[in-house]
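Below is one structure, written out as structure tokens; the observations come after it.
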Amino acid sequence: MTDKNSQSLYERAKKHLPGGVNSPVRAYKAVGCTPRFIEKAKGSHITDVDGNEMIDYVCSWGPGILGHADERVLSAVKSACDGGLTYGAPTEREVEMAELLAKLVPSMEVSRLVSSGTEATMSAIRVARGYTGRNKIIKFRGCYHGHSDGLLVKAGSAALTTSVPDSAGVPEDYTRNTLVAEYNNPDSVDALFAANPTDIAAVIVEPVAANMGVVLPKAGFLQFLREITERYGALLIFDEVITGFRLALGGAQEYFHIKPDLSTFGKIIGGGMPVGAYGGREDIMRCVSPDGEVYQAGTLSGNPIATAAGLETLRILEADPGIYERLEEKTKRLADAVVRASEGRVQVNRIGSLMSIFFTDKKVEDYESAAGSDTQQYADYFRFMLSHGIYAAPSQFEAMFVSDAHTTEDIAQTIHVMEEYFGVWVHRNQL
Ligand code: HOZ
């Protein structure tokens with residue numbers, strides 16, 4: 001055995017990296033096996049250092065809507081590199097990005113680029129507080145908005161599987177202004193507003209929750225949030241880090257026809273590079289320094305290379321509106337196959353190119369029902385898929401992403417493996 005395989009790299013990694021990784025879900029704790037160390041990726045395929053080439057449905061947790069190493073994006077990055085890696089000064093590309101954002105997502109009248117989704121949501125909250133002069137915010141149990149202190153309360157993503165959904169190291173003082181409501185439950189929001197009518201700066205929501213697995217908003221839920229925030233003079237923040245440019249070019253807000261006051265983006269907006277953005281109504285965003293009093297800054301914000309990757313990606317998406325139908329069609333085939341092969345005994349939540357399989361016979365429509373699914377079964381499914389060349393999300397509580405690079409053959413092969421797994425699974429569950 002050579003030194004270069006996932007197991008030996010993992011052993012080495014654990015010595016100097018917490019859990020051997022730079023982000024917890026990558027450690028595969030929730031699925032009980034050794035994480036794959038990746039060598040390279042191209043299109044819909046990802047290859048680990050052990051030499052396994054797999055069909056990738058993690059897609060770097062969302063950014064890879066065009067697939068890996070898209071030649072057009074690579075070439076934009078390469079030519080940007082020739083001009084220097086970072087200046088810490090404004091560039092034309094940033095202006096182009098802000099203009100394109102305003103065009104593709106009309107609520108983004110004024111925007112600010114940052115380097116991650118975490119930074120974007122943290123900053124949007126600060127702006128909401130600065131604008132309204134209020135301190136409290138409402139978030140939803142199981143929704144994840146990055147790992148800033150005030151938002152790491154009843155959070156989703158790896159916070160659901162690695163420890164408790166509230167992190168150690170976050171002083172109570174930092175979270176006492178974070179109120180938690182139940183996703184898809186208007187009464188829980190109503191009650192918080194009724195108890196704090198003039199104190200709530202904003203409601204922040206993943207319009208489609210995708211960090212407790214994919215959980216769709218019930219009909220009218222987002223509209224309800226729009227109305228109640230308006231009624232109480234609070235802002236509505238859509239965290240579109242996952243849904244942005246994925247559900248539609250204009251994100252979930254276009255898909256559901258709801259105009260939030262502020263929005264946050266990450267993942268696709270960077271085309272594979274570290275970019276985030278927040279923005280929204282001009283009168284609100286004028287609070288941001290140096291126009292206003294809300295401070296927020298970043299050495300690598302608007303980085304020329306990252307912005308080039310993001311801009312090219314958004315331009316490709318804009319030039320090809322058929323992409324969303326293709327994504328929908330492919331993902332629907334996967335979802336239908338699971339329903340068929342499992343004889344309807346698992347829950348498949350899907351919207352556009354986002355999908356989750358929950359091992360439960362109950363509908364999954366909030367945190368409680370998501371958390372009630374059988375995570376050991378999911379881990380078993382994950383390991384089977386992995387060993388058959390399909391790279392699925394290594395946690396029940398992450399989404400499955402489909403990209404434009406997934407071919408008809410990829411989908412057919414994936415369905416074949418799913419059918420094999422669920423064929424045995426159904427049989428086992430009948431005994
Ligand atoms: N919070 C990300 C998934 N929802 C983590 C991604 C990563 O580990 O790269």
Side-chain angles (χ1 to χ4, degrees), residues 6 10 13-14 17-31 33-38 41 46 48 56-65 68 114-122 139-149 151-163 165-167 170 183 204-215 239-247 252 264-276 306 349 351 353-356 358 367 370-371 375 378 382 386 391-403:
S6 290
Y10 187 42
K14 281 192 281 190
L17 296 164
V21 290
N22 280 309
S23 188
V25 69
R26 301 178 195 180
Y28 284 20
K29 292 278 185 229
V31 287
C33 56
T34 303
R36 296 292 176 88
F37 280 64
I38 303 304
I46 192 161
D48 63 22
D56 179 16
Y57 292 101
V58 176
C59 293
S60 188
W61 309 95
I65 192 164
H68 294 283
V114 290
S115 298
S116 69
T118 288
E119 246 188 289
T121 51
M122 176 184 87
K139 79 171 286 287
F140 294 92
R141 193 150 68 118
C143 280
Y144 180 72
H145 306 289
H147 60 88
S148 67
D149 286 345
L151 289 166
L152 213 47
V153 181
K154 308 288 177 213
S157 192
L160 272 176
T161 49
T162 46
S163 55
D166 300 284
S167 173
V170 177
Y183 190 76
I204 184 166
V205 66
E206 290 181 77
V208 172
N211 285 285
M212 47 176 152
V214 174
V215 180
D239 178 341
E240 295 237 37
V241 169
I242 287 182
T243 50
F245 314 106
R246 179 163 283 280
L247 287 193
T264 62
F265 295 89
K267 302 193 190 274
I268 291 174
I269 197 175
M273 304 281 281
V275 179
N349 284 3
I351 181 166
S353 54
L354 291 171
M355 172 173 150
S356 280
F358 294 93
Y367 168 83
T375 53
Y378 183 88
F382 169 84
L386 190 66
Y391 189 67
S395 162
Q396 171 71 87
F397 304 115
E398 303 285 355
M400 177 173 176
F401 296 92
V402 176
S403 80

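The basis for the numbers below is simple: all heavy atoms, side chains too, and nothing from hydrogens, waters or symmetry mates. Whatever order the structure lists ligands and atoms in, that order sets their numbers, starting from 1.
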> Can you name the side chain to side chain donor-acceptor pair (under 3.5 Å) partners of Asp48, sequence neighbours left out?
Replying inline: Arg36, Asn52

Show the atoms of ligand 1 that are less than 4.0 angstrom away from any heavy atom in [X].
X	answer
Tyr144	1 (N)
Glu398	3 (C), 4 (N)
Arg26	7 (C), 8 (O), 9 (O)
Val25	8 (O)

>> One residue to check: Asn211. Relative to ligand 1, which of side chain, backbone, both or neither has a non-hydrogen atom less than 4.0 Å away?
In response: side chain

>> Below 30° counts as parallel, above 60° as perpendicular, anything between as tilted: where do the rings of Tyr28 and Phe382 land?
In response: perpendicular

> What residues form a side-chain contact (heavy atoms from CB on, under 4.5 Å) with Ala252, not counting sequence neighbours?
Replying inline: Pro207, Glu240, Thr243, Leu247, Phe256

> Who's closest to atom 5 (C) of ligand 1 heavy-atom-wise, of Ala155, Gly62, Ser23, Pro24?
Replying inline: Ser23

> Got Tyr144 and Leu152 here, is their nearest side-chain heavy-atom distance under 4.5 Å?
Replying inline: yes

>> Could you go through Tyr183 and Arg141, starting from their C-alpha distance and side-chain angles, then the distance that decides it, and tell me whether this counts as side chain to side chain contact (heavy atoms under 4.5 Å, CB included)?
In response: CA-CA 7 Å; Tyr183 190 76; Arg141 193 150 68 118; over 6 Å; no

